[in-house]
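As the structure is a computational prediction, the values presented were derived from the model and not from experiment. Residue numbers start at 1 and run along the sequence shown.
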Amino acid sequence: MSINLRSHMMRPIRAACLGTATALVTLLACTPVAAAATDTDSAHAKGGGRVITVIGHLAQQTRFPVNPGGAPAQGDRTAFRSILFDKDDKKQVGETNGTCTTTRVDNGGAEECVVTYNLPGGQLTVQGMVFGILTQGLPTISPPSFDNAITGGTGEFDRARGSVHADTIATGTRRFTIDLD
């Protein structure tokens with residue numbers, strides 16, 4: 001009788017991936033979706049897209065440093081949640097949930113971020129780099145503007161593509177311009 005060691009070794013890895021995927025799907029499916037977001041219905045300069053502008057207020061943020069009590073390091077992680085309001089910052093329309101991992105601590109630092117925007121009609125998934133997160137080795141108080149890619153979505157955002165531009169407009173507050181292709 002021969003045993004295929006490769007298939008036995010792969011089972012724990014496949015099981016771990018399946019468990020992680022199941023947890024992620026459950027988390028995303030159970031995240032609340034609020035009232036209507038502000039949709040400018042304006043045409044995108046590149047040709048006929050849809051632009052949605054929302055204001056995000058940081059509601060919760062937890063850092064998981066590689067070196068607790070030490071300097072920022074590659075691999076530091078941050079989990080966060082922001083409450084989204086319409087472009088006039090009056091009516092709650094959704095929330096964001098995401099994580100960022102520090103990939104560089106020199107030259108202003110950089111993070112790779114994955115964020116889900118929960119909006120009326122569905123979710124948008126966004127991913128990309130944020131640069132300039134560190135000033136003299138410490139977290140930047142007013143993070144710089146950034147652009148990230150829309151990698152997909154659910155509901156009315158199924159198969160969405162485009163980009164999200166973020167501007168810091170106050171401490172803990174950003175304007176997100178969601179530009180759907």
Side-chain angles (χ1 to χ4, degrees), residues 24-63 76-103 108-135 138-181:
L24 181 59
V25 168
T26 302
L27 174 67
L28 294 177
C30 295
T31 305
V33 176
T38 302
D39 186 345
T40 63
D41 284 327
S42 64
H44 180 278
K46 289 188 252 179
R50 175 177 167 198
V51 176
I52 302 169
T53 301
V54 293
I55 306 297
H57 294 274
L58 185 63
Q60 197 172 11
Q61 178 174 312
T62 305
R63 296 186 185 278
D76 286 355
R77 292 186 55 105
T78 302
F80 60 89
R81 180 176 72 90
S82 295
I83 306 300
L84 297 176
F85 291 83
D86 64 13
K87 70 178 182 174
D88 298 320
D89 202 14
K90 300 213 183 299
K91 180 180 177 186
Q92 184 175 336
V93 297
E95 68 179 38
T96 65
N97 297 277
T99 59
C100 294
T101 303
T102 301
T103 59
E111 291 181 319
E112 167 70 20
C113 299
V114 178
V115 183
T116 300
Y117 288 71
N118 297 291
L119 298 167
Q123 299 173 350
L124 284 171
T125 55
V126 176
Q127 181 175 348
M129 297 297 295
V130 178
F131 298 97
I133 60 161
L134 299 172
T135 302
L138 299 173
T140 302
I141 298 302
S142 292
S145 299
F146 61 87
D147 294 288
N148 285 169
I150 296 172
T151 57
T154 64
E156 72 178 67
F157 304 112
D158 183 40
R159 296 186 186 102
R161 292 292 181 260
S163 62
V164 174
H165 178 78
D167 287 310
T168 300
I169 56 177
T171 302
T173 305
R174 287 190 170 150
R175 177 185 308 105
F176 298 104
T177 305
I178 301 167
D179 194 351
L180 298 162
D181 291 340

- Message: Run the side chain to side chain contact (heavy atoms under 4.5 Å, CB included) test on Val126 and Thr96 for me, step by step, so that the C-alpha distance in whole Å, both residues' side-chain angles and the decisive distance to 0.1 Å come before the verdict.
- Response: CA-CA 10 Å; Val126 176; Thr96 65; over 6 Å; no
Test side chain to side chain donor-acceptor pair (under 3.5 Å) applied to [X] - qualifying residues, sequence neighbours left out:
| X | result |
| --- | --- |
| Arg161 | none |
| Thr101 | Arg77 |
| Arg174 | Thr168 |

- For Phe176, which residues count as a ring-ring contact (aromatic ring centres under 6.0 Å, His included) partner, sequence neighbours excluded?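 By the ring-ring contact (aromatic ring centres under 6.0 Å, His included) rule, Phe176 matches Tyr117.
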Give, for atom [atom1] of [X] and atom [atom2] of [Y], the distance between the pair rounded to the nearest 0.5 Å.
| X | Y | atom1 | atom2 | result |
| --- | --- | --- | --- | --- |
| Ile55 | Thr173 | CD1 | OG1 | 8.5 Å |
| Asp181 | Asp179 | CG | CG | 6.5 Å |
| Ile52 | Asp86 | CD1 | CG | 12.5 Å |

Over all atoms of both residues, closest heavy-atom pair of [X] and [Y]:
| X | Y | answer |
| --- | --- | --- |
| Phe80 | Cys100 | CE2-SG, 3.7 Å |
| Gly109 | Leu134 | CA-CD1, 4.1 Å |
| Phe85 | His57 | CD1-CD2, 3.4 Å |
| Ile83 | Ala59 | CG1-CB, 3.9 Å |
| Phe131 | Ala110 | CD2-CB, 3.7 Å |

- Message: Checking side chain to side chain contact (heavy atoms under 4.5 Å, CB included) between Glu111 and each of Ile133, Asp76, Thr103, which is the one that passes?
- Response: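 So, applying the side chain to side chain contact (heavy atoms under 4.5 Å, CB included) to Glu111 and each of Ile133, Asp76, Thr103, only Ile133 qualifies.
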- Can you spot which of Thr177, Asp89, Val164, Val93 makes a side chain to side chain contact (heavy atoms under 4.5 Å, CB included) with Val54? Val93
- Task: Using salt bridge (charged side-chain N to carboxylate O under 4.0 Å, His left out) as the criterion, list what pairs up with Arg81, not counting sequence neighbours.
- Result: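 Once residues adjacent in sequence are excluded, the partners of Arg81 under the salt bridge (charged side-chain N to carboxylate O under 4.0 Å, His left out) criterion are Glu95.
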With a cut-off of 3.5 Å and sequence neighbours excluded, list every side-chain donor-acceptor pair involving residues 143-154.
| residue | atom | partner | partner atom | Å |
| --- | --- | --- | --- | --- |
| Ser145 | OG | Asp167 | OD1 | 2.5 |
| Asp147 | OD1 | His165 | ND1 | 2.7 |
| Asp147 | OD2 | His165 | ND1 | 3.4 |
| Asn148 | ND2 | Met129 | O | 3.1 |
| Thr151 | OG1 | Thr125 | O | 3.3 |
| Thr151 | OG1 | Thr125 | OG1 | 3.0 |
| Thr154 | OG1 | Gln123 | N | 2.9 |

